[in-house]
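Counting starts at 1 for both ligands and their atoms, following the listed order. Model, not experiment: these values are computed from the prediction.
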Amino acid sequence: MHRRTFAVLAATSLAWAETSEKQARQAGSVVAAWDAAYSQASTALSKLSQQDKVNIVTGVGWNKGPCFGNTPSIGSIGYPQLCLQDGPLGIRFGGSVTAFTPGIQAASTWDVELIRQRGVYLGAEARGVGVHVLLGPVAGALGKIPNGGRNWEGFGPDPYLTGIAMSETIEGIQSNGVQACAKHFILNEQETNRETISSVVDDRTMHELYLFPFADAVHSNVASVMCSYNKVNGTWACENDKIQNGLLKKELGFKGYVMSDWNAQHTTNGAANSGMDMTMPGSDFNGKTILWGPQLNTAVNNGQVSKARLDDMAKRILASWYLLEQNSGYPATNLKANVQGNHKENVRAVARDGIVLLKNDDNILPLKKPSKLAVIGSSSVVNPAGRNACTDRGCNTGALGMGWGSGTADYPYFVAPYDALKTRAQSDGTTINLLSSDSTSGIANAASGADAALVFITADSGEGYITVEGVTGDRPNLDPWHNGNQLVQAVAQANKNTIVVVHSTGPIILETILAHPGVKAVVWAGLPSQENGNALVDVLYGLVSPSGKLPYTIAKSESDYGTAVQRGGTDLFTEGLFIDYRHFDKNGIAPRYEFGFGLSYTSFTYSSLSITSTASSGPASGDTIPGGRAGLWEAVATVTAVVKNTGGVQGAEVPQLYITLPSSAPSSPPKQLRGFAKLKLAPGESKTATFILRRRDLSYWDTGRQNWVVPSGSFGVVVGASSRDLRLNGKFDVY
Ligand SMILES: OC[C@H]1O[C@@H](O[C@H]2[C@H](O)[C@@H](O)[C@H](O[C@H]3[C@H](O)[C@@H](O)[C@H](O)O[C@@H]3CO)O[C@@H]2CO)[C@H](O)[C@@H](O)[C@@H]1O
C-alpha cells in the first residue's frame with residue numbers, strides 16, 4: 001500500500017466538515033495502519049542492540065549533520081540518517097525552495113482547500129530535498145498574547161480554526177510520506193523568558209484551548225510532537241509526565257514520538273520516564289552537555305530507565321518511519337535541490353486570499369486606472385541589502401513577508417509592492433511617485449496631487465534568539481514600527497485619498513491612523529511571503545475581491561486584550577478560557593475590528609438557517625483512538641445556511657458558525673467558533689454552507705468527571721459574517 005497514512009486519512013479538498021466526518025468513519029483504518037507500522041517496528045527492534053536503540057533516540061549533536069536535527073543510520077534495518085529540518089513555512093536554509101506563507105496568513109484565508117494544498121506542497125518539497133521530518137505545523141504559541149513573538153508561525157488564537165488548519169496541514173504534509181511535527185507542546189505563549197517561565201494553567205483551560213488543536217493533530221495521525229522550552233505547572237514540558245504520558249499519549253492516544261525542542265531537555269532520567277522519546281539536537285549549543293547517548297545507556301543499565309521504556313521510545317520512532325513508508329524509496333537528503341515546482345501559485349493565492357480589507361470609504365478600492373499614484377514607505381520596496389540579507393529574516397528592513405526565527409525560509413525571489421505596482425502602472429499608463437523611506441520629510445511633494453497615496457507600514461516579531469531593532473522576540477507594544485502612525489498622518493495630510501497597507505505579524509492598534517479623515521482605506525495584507533506585491537496588486541485593482549477574515553481581534557487599545565507578556569518566572573493564565581474574542585465578548589468590550597471580520601467588493605445576504613441534531617447529553621464514550629475517545633469525533637448535528645452574492649462582482653464569503661453552550665456548562669465563553677466555510681459566489685449566485693458539528697464541538701471539559709461532556713439544555717447557534725456581525729440565529733435542545 002503506497003502512502004499508507006494518506007490512503008487512510010486523506011480526503012479531497014472539500015469543506016473541512018466533510019473531511020472530519022470521513023476521518024471519523026475511517027478511524028478504524030487509522031488504528032489498523034498504526035498497528036501494521038508497529039508490527040514492522042517490533043520486527044526491526046528485535047534486530048537491534050541497546051546501543052542502536054539509544055542511537056535512534058539521540059541526535060548526533062548541534063551542528064553535526066546535514067540537517068538541523070540528525071540521528072545516526074542503522075545499517076542492519078536499512079534505517080537512514082534521519083533528517084529533521086524546519087519548518088512550518090518551508091525548508092529552512094534550502095537552496096531552491098518555496099518560501100510559503102506563514103501559518104497566520106493561511107488561517108486568514110479561512111480556506112481549507114488552500115490550507116491543505118499548502119500542506120501538500122510543503123510535504124512535496126520536504127520529500128524532494130530528502131527531509132524525513134518537517135518541523136511544523138505550529139499550534140503553540142496559540143496566540144493568547146497579541147504581542148507573542150512567534151504567533152505568526154501558527155494559525156491564531158482560536159483553537160477550532162487552529163485545529164482545522166493543523167489537520168489540513170499535517171494530512172497534506174504526510175500525504176507525501178513526510179513526517180510532520182506538531183509543536184510546541186505546550187503553553188509556550190511568549191518568547192520572553194521562554195526557557196525559564198512556568199505556564200500555570202487550569203485543567204479546563206488546558207483542554208478547551210491549548211490541547212484542543214493538538215488533539216486535531218493527533219487525530220490526523222501526526223508522526224511527531226515537539227515538547228516546548230517552558231515549564232507546565234512547575235515542571236519542564238519535556239519532563240512532564242502529566243502532559244506527555246498523561247494528556248498526549250494516554251488521553252489523546254498519540255502513537256508517534258515526542259522530540260525535545262532544541263536543547264529543551266534538562267535531565268537524563270526525568271525526560272525518559274516522563275514520555276520524551278527523542279532528544280534534539282543531541283547536545284547543547286556548545287556541543288558539550290549530552291543528556292542521552294552514553295548517559296541513557298548507563299541509565300538503562302542501572303535500571304533508572306527501564307529497557308521497556310527505551311524499547312517504547314525506539315519503537316515509536318520506527319513505527320512513525322514505517323507508517324509514512326519512508327523505508328522504501330525515500331530520496332537522499334540534498335537540501336540544495338530545486339523543488340519549487342509551481343508552488344508559488346499557492347503562495348500567491350494564500351497571500352491574496354488572506355488579505356483582509358478593513359476599511360474602504362467611498363469605495364476608493366478597487367483602483368480604477370489612476371493617472372498618478374504615490375507609493376510611500378520603506379516597506380514598499382525589497383530590502384536594499386538583498387531579500388535574504390538577514391539570517392532567519394532577522395531584520396525589518398524593506399518589505400515584510402514573514403517574521404523572524406527558526407520558522408523561516410530563504411526567499412527564492414521576492415516581489416515587493418513597488419515591483420508589482422510598477423508593472424501594473426506601466427500597463428495602465430499610471431505615473432508612480434515613489435518615496436521609499438519612512439521619513440515624514442518630502443511627503444507633501446510625493447503625495448499631493450496623486451489620485452491616491454499608498455502608504456506602507458509594518459510590525460514585526462519573531463523568535464527570541466534574535467534581537468531586531470531592540471525587540472527580542474515579543475513585541476513591546478502594538479504600534480506600527482518605524483514611526484508608522486506619524487508616517488500615515490503625514491501622508492493623509494497631503495492626500496485625502498490615502499490607502500494604508502499593513503504588513504504585520506499580528507494585531508496593531510490602528511486608532512491614530514483611523515482618526516485621520518484622509519485615510520480612506522486600510523488593507524490588512526498580513527504576511528504574504530515571496531508573493532507580497534503580486535497578491536496586493538490582485539486585490540488593490542480588483543482582479544479578485546478581498547476575501548480574508550481576521551484570525552484575531554484588532555483592539556482599540558492594547559490593554560483591551562486582557563493578556564500581556566509576563567516578565568517574571570510565572571504566567572498564571574488567569575484569563576482562563578477568555579482569550580481574544582472570548583474575552584471581548586465576556587467583558588462587553590467593543591473591538592475595533594473583530595475576529596472574523598473582513599470586507600469585500602461585493603455584498604452578501606444570509607438566509608434559511610436550518611438545524612438538525614441527534615446529540616444527547618453526557619460524557620464522551622468509546623475507545624481511545626488517535627485524538628481521544630472515538631465518540632468525540634462523531635457527527636451529531638448539522639447546520640445549514642444560504643449565502644447569496646447580492647453585489648455586482650464575483651466574491652467569496654466566509655460564513656462562520658458560533659455556538660453558545662447551555663447554562664448547565666458552567667462559566668463558558670459567550671460564543672465559540674465551531675464551523676466555517678468559504679463560498680465562492682458569482683453575482684446573484686447563492687450557495688448553501690453546511691456545518692457538521694462533532695460531539696467535541698458541543699462539549700466542555702468537565703474537570704470532575706475528567707471527560708468531555710455535552711451539557712443538557714438549549715444550544716445557541718448563530719451564523720454570521722464575523723464574530724460580531726451575526727446574521728442568523730437559532731437554537732436546538734439537547735436532553
Ligand atoms: O530548528 C529546530 C528548532 O529550534 C528551535 O530554535 C532554535 C533555532 O533553530 C536555532 O537556530 C537557534 O540557535 C541559536 C542558539 O539559540 C544560540 O544559543 C546560539 O548562540 O546561536 C544559535 C544560532 O543562531 O536556537 C533556537 C533555540 O534557542 C525552535 O524553537 C524550534 O521551533 C525549531 O524547530
Side-chain angles (χ1 to χ4, degrees), residues 59-71 82-94 102-103 122 126 131-143 148-155 166 169-170 173 178-197 214 217 222-230 236-238 257-266 276 278-289 335 388 390-395 402-410 461-468 472-474:
V60 298
W62 176 241
N63 256 336
K64 289 222 173 91
C67 303
F68 253 85
N70 310 271
T71 56
L82 206 71
C83 166
L84 301 90
Q85 188 78 0
D86 296 292
L89 60 64
I91 309 299
R92 186 179 178 197
F93 300 139
L122 277 166
V131 165
H132 299 91
V133 187
L134 186 64
L135 302 173
V138 173
L142 184 65
R150 298 185 75 177
N151 292 354
W152 58 275
E153 294 186 41
F155 304 103
M166 288 295 281
T169 306
I170 288 162
I173 291 170
V178 173
Q179 301 180 44
C181 175
K183 67 184 188 181
H184 306 87
F185 192 71
I186 197 169
L187 309 182
N188 184 174
E189 291 295 317
Q190 62 177 59
E191 287 300 284
T192 307
N193 300 338
R194 76 170 174 181
E195 291 171 40
T196 51
I197 199 162
F214 282 100
V222 73
S224 62
V225 167
M226 185 186 291
C227 55
S228 53
Y229 286 113
N230 52 292
W236 301 111
C238 295
Y257 58 97
V258 180
M259 73 175 77
S260 67
D261 200 342
W262 268 232
N263 203 26
Q265 184 183 4
H266 288 263
M276 200 184 93
M278 180 188 274
T279 181
M280 278 292 144
S283 71
D284 65 7
F285 291 114
N286 297 316
K288 287 190 179 137
T289 307
L335 296 182
N388 293 316
C390 308
T391 306
D392 290 338
R393 310 289 73 74
C395 59
M402 60 182 73
W404 71 77
S406 62
T408 57
D410 285 349
S461 68
E463 199 172 342
Y465 68 90
I466 299 176
T467 298
V468 176
T472 304
D474 303 320

Atom indices of ligand 1 within 4.0 angstrom of [X] heavy atoms, with elements:
X	result
Arg150	29 (C), 30 (O), 31 (C), 32 (O)
Met226	34 (O)
Lys183	31 (C), 32 (O), 33 (C), 34 (O)
His184	30 (O), 31 (C), 32 (O)

field: Verify atom 17 (C) of ligand 1: protein non-hydrogen atom under 4.0 angstrom away
entry: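 So atom 17 (C) of ligand 1 lacks protein heavy-atom neighbours under 4.0 Å.
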
Between [X] and [Y] (side chain of the first, backbone of the second, donor and acceptor by atom type, cut-off under 3.5 Å), is there such a pair?
X	Y	result
Glu189	Gly143	yes
Asn263	Pro281	no
Thr467	Thr472	no

message: Please evaluate residues Trp262 and Met226 with respect to the criterion side-chain contact (heavy atoms from CB on, under 4.5 Å), reporting the C-alpha separation (whole Å), side-chain torsions for both, the decisive distance (0.1 Å), and the verdict.
response: CA-CA 9 Å; Trp262 268 232; Met226 185 186 291; 3.6 Å; yes

What protein heavy atom sits nearest [atom], and how far away is it?
atom	result
atom 25 (O) of ligand 1	Phe285 CZ, 3.4 Å
atom 28 (O) of ligand 1	Arg194 NH2, 3.0 Å
atom 22 (C) of ligand 1	Trp62 CZ2, 4.0 Å
atom 31 (C) of ligand 1	Asp261 OD1, 3.2 Å
atom 14 (C) of ligand 1	Tyr465 CD1, 4.1 Å
atom 27 (C) of ligand 1	Tyr229 OH, 2.9 Å
atom 11 (O) of ligand 1	Arg92 NH2, 2.9 Å

query: Under 4.5 Å between any side-chain heavy atoms of Asn188 and Arg194, yes or no?
result: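 Counting from C-beta outward, Asn188 and Arg194 do come under 4.5 Å.
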
query: Between Val133, Leu84, Val258, which is the residue that forms a side chain to side chain contact (heavy atoms under 4.5 Å, CB included) with Met278?
result: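 Of Val133, Leu84, Val258, side chain to side chain contact (heavy atoms under 4.5 Å, CB included) with Met278 is met by Leu84 alone.
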
task: Return yes when Gln85 approaches ligand 1 closer than 4.0 angstrom through a heavy atom, no otherwise.
output: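 Gln85 does not count as a contact of ligand 1 under the 4.0 Å cut-off.
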
message: With a cutoff of 4.0 Å, is Glu463 in contact with ligand 1, counting heavy atoms of the residue only?
response: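 Yes, Glu463 has heavy atoms under 4.0 Å from ligand 1.
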
query: Is any side-chain N of the basic residue among Lys183 and Asp86 closer than 4.0 Å to the acidic one's carboxylate O?
result: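 Salt bridge present between Lys183 and Asp86.
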
message: Could you check whether Arg150 pairs with Asp474 (Lys NZ or Arg NE/NH1/NH2 to Asp/Glu carboxylate O, under 4.0 Å)?
response: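 Answer for the salt bridge query: no.
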
message: Under 4.0 Å, heavy-atom basis, I'd like to know which part of Met280 is in contact with ligand 1: side chain, backbone, both or neither.
response: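 Neither part.
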
message: Using heavy-atom distances only, which candidate in Asn63, Asp86, Asp392 approaches atom 2 (C) of ligand 1 most closely?
response: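 The option holding the nearest heavy atom is Asp86.
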
message: Evaluate Glu463 against Ser406 for side-chain hydrogen bond (donor to acceptor under 3.5 Å, both in side chains), listing each step before the verdict.
response: CA-CA 7 Å; Glu463 199 172 342; Ser406 62; 2.7 Å; yes

query: After noting the C-alpha distance and the side-chain angles of Thr279 and Gln265, does the key distance pass the side-chain hydrogen bond (donor to acceptor under 3.5 Å, both in side chains) rule?
result: CA-CA 7 Å; Thr279 181; Gln265 184 183 4; 2.6 Å; yes

